[in-house]
Amino acid sequence: MNLKVILDKCDGCGLCAQSCPFGGIVVEGGKAKVLDVCTECGICPESCPTKALDMGGVAVGPAEQGTAAYRHILIFAEQRDLKLTRVAKQLVGKARDLANLLGVKVKAALLGKGVEPLAQELVAVGADVVFLYDDPKLANYQTDAYTKVMFELINAEKPEIVLFGATHIGRDLAPRLAQRLATGLTADCTELEIDEGERLLLQTRPAFGGNIMATITCPEHRPQMATVRPGVLREPDPDPSRRGEVVVKAVKVTDADFGTVVLQIIKAAKQAVNLEDAEIIVSGGRGVGGPDKFPLLEELAGLLGGVVGASRAAVDSGWISHDHQVGQTGKTVRPKLYIACGISGAVQHQAGMKDASCIVAINKDPLAPIFQLADYGIVGDVKEIVPAMVAEIKANWMEGKL
Ligand code: FAD
């Protein structure tokens, strides 16, 4: 525990206890007392008029140190089951571009058990330095322990930018850190750029229900922090010959740092569809006509070796589950081939699929906006076109006929 009460400065006013969102500090015998539930979030030292709370040399507010003390870009390199997530590699690739503009290094934090082989993968996609925290205690993601490790790393390294994937883990970890570091966080970004003159990260994300794209900056506090949606950034081609530094770090978490204990991990029986990694997606919208038509799309996707996606209209109608939804409030995908069946092409849908390498649209309305985006457009009834495609593939593309 870094937070300490300096007893001769404490006048027992209780403002710290009032400010604490976790009930982690009380006044006893006229002095503040820190309880075990304290998360060291950093709020109470700012509330104390007599400066009687000390974070043990840990920075409370980066503004105190000035933004110039912060340099380099740090990525939280999320891994699952000892595989780097694609968004981790996408973030390193983007960080590489931004770091080149800023003239700084790309650093990655890699946490887990048995993750050491992943360090070179991070270097291959653009990291200069990998901080390796390889320890059985970090085998499973745990909010408190991971927050502690990342908090200490950020305070020691002082990166000017810290990036996370907008995954379940990134969305859990990043806000905790931002709060503890007393800095800002832009969630769910779809684009990142740099204002080179001001060294500001320009963080763009949909706002006001997706009606505008807002670009957000964090001019006065460091680090500048953002979570980025998986799939919106390009994954760089790895260069196995790239060299970087792997810094093995000691893991200083103890059992007391774990708020919960993982007893067992049970994988969901139904594997959610993996749209983000799919190379071919056959997506259905309202124009498909009903849930009974989706098996036809599944058949086409199956023949092509792809998976089925959907527009929000199809999902909201209950024709297919939300994990198939593509778009602003669904998944962002970058397949090689995206076949949009009976989808009008609303901006919110385009937000999730516009970067597909090749887009084929099937729509009976020749003026549907999707045709402005499509590489190939088929004007016609999806209920006729899709069966014709299935029949054609079966007749001529299967069994080596083509
Ligand atoms: P429609 O817009 O109704 O289009 C149906 C199309 O099918 C029409 O173009 C029609 O010509 C065509 N058609 C009809 N019959 C046939 C036929 N027999 N054969 C061929 N074509 C036919 N949408 C998403 O998809 N993903 C999102 O993540 C998402 N997020 C959103 C977030 C917000 C904040 C908001 C406000 C909206 C969001 N939307 C999202 C909804 C979006 O605005 C559209 O309403 C939705 O994408 C429309 O779905 P659709 O194209 O299937 O339906």
Is any NZ, NE, NH1 or NH2 atom of the basic residue among Arg86 and Asp277 found under 4.0 Å from an Asp or Glu carboxylate oxygen of the other?
yes
Distance check, rounded to the nearest 0.5 Å: Ile339 atom CD1 versus Ile385 atom CD1?
12.0 Å
So among Lys105, Lys107, Arg71, Arg222, which one has a salt bridge (charged side-chain N to carboxylate O under 4.0 Å, His left out) with Glu157?
Lys107
If you round to the nearest 0.5 Å, how far is CH2 of Trp319 from NE2 of His324?
15.0 Å
Those residues that, when tested against Asn140, pass side-chain hydrogen bond (donor to acceptor under 3.5 Å, both in side chains) (two or more places apart)
none
Take Thr147 and Arg180 through the test side chain to side chain contact (heavy atoms under 4.5 Å, CB included) and record every step on the way to the result.
CA-CA 9 Å; Thr147 302; Arg180 204 170 278 200; 3.9 Å; yes
Is the closest side-chain heavy-atom distance between Asp188 and Arg171 below 4.5 Å?
yes
Note, Val262 side chain near Gln142 side chain (heavy atom, < 4.5 Å)
yes
Is Lys364 atom NZ crowded by more than 12 heavy atoms from other residues, nucleotides or ligands, each under 6.0 Å away?
no
Nearest atoms (heavy-atom pairs only) where Ile161 meets Pro223:
N-CB, 4.3 Å
Using salt bridge (Lys or Arg N to Asp or Glu O under 4.0 Å), reason through Asp134 and Lys249 one step at a time and then give a plain yes or no.
CA-CA 8 Å; Asp134 201 330; Lys249 302 286 281 185; over 6 Å; no
Side chain of Glu160, backbone of His72: donor and acceptor closer than 3.5 Å?
yes
Taking C-beta and beyond as the side chain, do Leu201 and Leu163 meet within less than 4.5 Å on heavy atoms?
yes
Using modelled atom types only, decide if a donor and an acceptor are shared between the side chain of Arg334 and the backbone of Gly231 within a distance under 3.5 Å.
yes
Would you sort out whether Leu177 and Met225 count as a side chain to side chain contact (heavy atoms under 4.5 Å, CB included), showing the intermediate values?
CA-CA 9 Å; Leu177 285 165; Met225 297 203 356; 4.1 Å; yes
Heavy-atom closest contact (Ile280 atom, Leu304 atom, distance):
CD1-O, 3.2 Å
Which pair of heavy atoms, one from Ala310 and one from Ser283, lies closest together, and at what distance?
N-OG, 3.0 Å
I'd like to know if Lys293 pairs up with Glu298 as an ion pair, taking the criterion as any Lys NZ or Arg NE/NH1/NH2 lying under 4.0 Å from an Asp or Glu carboxylate oxygen.
no
d(Thr50 OG1, Asp11 CG) to nearest 0.5 Å is 5.0 Å
Would a 4.5 Å heavy-atom cut-off, applied to side chains only, mark Thr227 and Leu185 as touching?
yes
Atom pair OG1 (Thr85) and CG (Leu118), whose distance is rounded to the nearest 0.5 Å
10.0 Å
I want to check something: taking the side chain as every heavy atom from C-beta on, are Pro230 and Thr167 in contact at a cut-off of under 4.5 Å?
yes
Does the pair Asp381/Lys383 count as a salt bridge with the N-to-O cut at 4.0 Å?
yes
Heavy-atom nearest pair, Tyr338 first then Ile343, reads OH-CD1, 4.3 Å
Check: Arg229 side chain, Ala166 main-chain N or O, donor-acceptor pair, under 3.5 Å
no
Evaluate the side-chain hydrogen bond (donor to acceptor under 3.5 Å, both in side chains) criterion for residues Tyr146 and Asp172: first the C-alpha distance (whole Å), next the side-chain angles of each, then the deciding distance (0.1 Å), finally the verdict.
CA-CA 10 Å; Tyr146 271 55; Asp172 183 65; over 6 Å; no
Could you check whether any side-chain N or O of Glu276 sits under 3.5 Å from a backbone N or O of Lys331, counting only pairs where one atom can act as donor and the other as acceptor?
no
Salt-bridge contact Asp355-Arg234 (side-chain N to carboxylate O under 4.0 Å):
no
When you look at Arg242 and Asp128, which way does the salt bridge (Lys or Arg N to Asp or Glu O under 4.0 Å) test go after all the steps?
CA-CA 9 Å; Arg242 250 192 119 250; Asp128 300 304; 3.0 Å; yes
Side chain proximity check, Phe371 to Asn363, heavy atoms < 4.5 angstrom
yes
Could you walk me through whether Glu78 and Arg80 satisfy the salt bridge (Lys or Arg N to Asp or Glu O under 4.0 Å) test, starting with their C-alpha distance in whole Å, then the side-chain angles of each, then the deciding distance to 0.1 Å, before giving a yes or no?
CA-CA 7 Å; Glu78 185 178 331; Arg80 299 274 177 103; 2.8 Å; yes
Nearest heavy-atom approach of Asp144 to Phe258 is OD2-C, 4.2 Å
Spacing of NZ belonging to Lys148 relative to NZ belonging to Lys252, to within rounding of 0.5 Å
8.5 Å
Flag yes if more than 12 heavy atoms outside Lys113 fall under 6.0 Å of its NZ atom; otherwise flag no.
no
Side-chain contact test, heavy atoms from C-beta onward, threshold under 4.5 Å: evaluate it for Leu3 versus Asp54 and give yes or no.
no
Criterion side-chain contact (heavy atoms from CB on, under 4.5 Å) against Lys137, the qualifying member of Asp257, Thr254, Val253:
Val253
Take Asn100 and Asp97 through the test side-chain hydrogen bond (donor to acceptor under 3.5 Å, both in side chains) and record every step on the way to the result.
CA-CA 5 Å; Asn100 291 345; Asp97 296 343; 5.0 Å; no
SB check Lys94 Glu191 (cutoff 4.0 Å):
yes
State the SG-OH distance between Cys358 and Tyr376, to the nearest 0.5 angstrom.
5.5 Å
Between Gln348 (side chain) and Gly327 (backbone), is there a donor-acceptor pair under 3.5 Å?
no
Report yes or no: does Asp81 contribute a side-chain atom to a donor-acceptor pair with the main-chain N or O of Lys83 at less than 3.5 Å?
no
Less than 4.5 Å apart, any side-chain heavy atom of Ile320 and any of Val315?
yes
Could you check whether atom CG of Asp292 has more than 12 heavy atoms from other residues, nucleotides or ligands sitting under 6.0 Å from it?
yes
Minimum heavy-atom separation for Cys218 to Gly184, with atom names?
SG-N, 3.9 Å
Show your working on side-chain hydrogen bond (donor to acceptor under 3.5 Å, both in side chains) between Thr215 and Thr204 and close with a plain yes or no.
CA-CA 4 Å; Thr215 298; Thr204 301; 2.9 Å; yes
